[in-house]
Amino acid sequence: MSTRIAFLKGHGTENDFVILPDPENALDLSPAAVAALCDRRAGIGGDGVLRVVRSAAHPEARAMAGEAEWFMDYRNGDGSIAEMCGNGTRVFARYLQHAGHVTEGDLAIATRAGVKTVHIAKDGDITIGMGRARLPEGDVTVTVGERSWPARNVNMGNPHAVAFVADLAHAGDLYTAPPVSPASAYPDGVNVEFVVDRGPRHVAMRVHERGSGETRSCGTGACAVAVAAARRDGADPAVTGTPATYTVDVPGGRLVITERPDGEIEMTGPAVIVAEGEIDAEWLAQALD
């Protein structure tokens, strides 16, 4: 390992990430290393790590190399591997543009949830094709303290439980994962969204992301919320034949989610690169002792 490791820091609606350019898949990125990098006091700080790898160089992405040159190896802040991160995909695309690998317009990014289509607009916003939502059957309940709510089970390549509440404060501190039952509905854990209405087709949310705690934003969570809201509001595009667009306010900003009649979902929002530098490899080695 070299004495210095290049990194960047970026965020999408304040969902922030450490970005590690590693085109040839040379870094041995252990869960402990990810957790050390994401530590907000002893490390760089972030909700997760985005490792930038050429698809052809990564065994999990090699089959997608013909469609997408770059693979987003996303890790949660605790070091666990995640299938997909919507805000992370926008920040990943912004990095590719920043590094000169792509320009404005359309591109494809490989993820563990498949190949995602991306559009970088001239006004700076980035739109991600998030695929289709799956709605597993069965009742789900979310509990915080003495309050419980029915929740919608939505899978966006990763699992979500969406609960509509009267007040976002009812979500509690979200330091720990809110209990969700039955546990069998989410064998690998779950992201939990608490949602209130702000106006017609306009909601606000807080989220506990598995492996990260409460975050300032969650792109797949915002998509799950829009899907759940459309079903609740009788605006399922597959039924109405009309796209459903929801504005979703998150603590870190605003996302716009559109679900089309064919089930495809698009998410639009900002992505910003805020810094770049080098990680001292000796520090990282000591952090892992």
Side-chain angles (χ1 to χ4, degrees), residues 1-2 5-13 15-30 33-34 37-38 44 46-77 79-122 124-131 156-158 217-220 223 264-279:
M1 181 181 289
S2 64
I5 303 166
F7 83 95
L8 298 90
K9 181 73 182 286
H11 76 91
T13 50
N15 195 188
D16 62 335
F17 308 94
V18 179
I19 305 163
L20 297 179
D22 185 23
E24 302 309 318
N25 194 27
L27 290 177
D28 181 13
L29 196 60
S30 68
V34 171
L37 292 171
C38 290
I44 295 170
D47 293 323
V49 166
L50 303 173
R51 190 163 66 113
V52 185
V53 187
R54 291 189 188 278
S55 298
H58 199 289
E60 292 183 74
R62 206 161 282 141
M64 296 180 276
E67 297 178 73
E69 180 180 3
W70 296 98
F71 172 58
M72 183 179 77
D73 176 15
Y74 177 63
R75 315 293 181 94
N76 293 314
S80 59
I81 292 174
E83 302 92 338
M84 172 60 184
C85 175
N87 288 321
T89 307
R90 291 203 320 281
V91 174
F92 190 94
R94 180 67 77 218
Y95 163 76
L96 293 178
Q97 182 186 35
H98 174 86
H101 297 307
V102 303
T103 58
E104 294 171 355
D106 298 328
L107 67 144
I109 293 172
T111 76
R112 290 187 174 87
V115 175
K116 302 300 177 183
T117 58
V118 180
H119 180 79
I120 303 175
K122 290 183 178 179
D125 275 353
I126 296 177
T127 298
I128 305 291
M130 300 291 287
M156 287 298 308
N158 57 358
S217 180
C218 176
T220 56
C223 292
E264 290 292 329
I265 297 169
E266 293 182 338
M267 174 183 65
T268 300
V272 182
I273 301 295
V274 299
E276 56 186 309
E278 294 179 326
I279 301 162

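As the structure is a prediction and not an experimental result, all values here were calculated from the model. Atom set for the values below is all heavy atoms of this structure, side chains included, hydrogens, waters and symmetry mates excluded.
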Looking at [X] and [Y], would you say the former's side chain and the latter's main chain have a donor-acceptor pair under 3.5 Å?
X	Y	answer
Arg94	Ile120	no
Arg75	Ser80	no
Asn25	Ala57	yes
Thr268	Thr127	no
Asp16	Asp47	yes
Asn76	Gly48	no

Gap between atom [atom2] of [Y] and atom [atom1] of [X] - 0.5 Å precision:
X	Y	atom1	atom2	answer
Glu69	Ser55	CD	OG	8.0 Å
Ile128	Cys223	CD1	SG	9.5 Å
His11	Ser217	NE2	OG	10.5 Å
Lys116	Met64	NZ	CE	10.0 Å
Asp22	Leu50	CG	CG	13.0 Å

Side chains of [X] and [Y], heavy atoms from C-beta outward: is any pair under 4.5 Å?
X	Y	value
Met130	Met156	yes
Ile44	Cys38	no
His119	Leu107	no
Thr117	Asp106	no
Ile81	Arg112	yes
Lys9	Glu276	no
Trp70	Pro23	yes

(request) Decide yes or no on side-chain contact (heavy atoms from CB on, under 4.5 Å) for Val118 and Ile126, but give the supporting numbers first. (result) CA-CA 7 Å; Val118 180; Ile126 296 177; 3.6 Å; yes
(message) Please find the pair of heavy atoms, one from Val102 and one from Ala93, that lie closest to each other, and give the distance.
(response) CG2-O, 4.3 Å
(request) Assign the ring pair His58 / Phe71 to parallel, tilted or perpendicular, where the plane angle (0 to 90°) is split at 30° and 60°. (result) tilted
(request) Could you go through the side-chain contact (heavy atoms from CB on, under 4.5 Å) check for Tyr74 and Phe17 one step at a time? (result) CA-CA 10 Å; Tyr74 177 63; Phe17 308 94; 3.7 Å; yes
(message) Using a strict threshold of under 4.0 Å (side-chain N to carboxylate O), is an ion pair present between Arg90 and Asp125?
(response) no
(message) Under the criterion side-chain contact (heavy atoms from CB on, under 4.5 Å), I'd like the reasoning laid out for Gln97 against Thr103: C-alpha separation, chi angles, the key distance, then a yes or no.
(response) CA-CA 6 Å; Gln97 182 186 35; Thr103 58; 5.9 Å; no
(request) For a side chain to side chain contact (heavy atoms under 4.5 Å, CB included) with Phe7, tell me which candidate from Ile19, Leu20, Leu37 qualifies. (result) Leu20
(request) Could you give me the CA-CA distance, side-chain angles and deciding distance for His98 and Leu8, then say whether side-chain contact (heavy atoms from CB on, under 4.5 Å) is met? (result) CA-CA 10 Å; His98 174 86; Leu8 298 90; 3.8 Å; yes
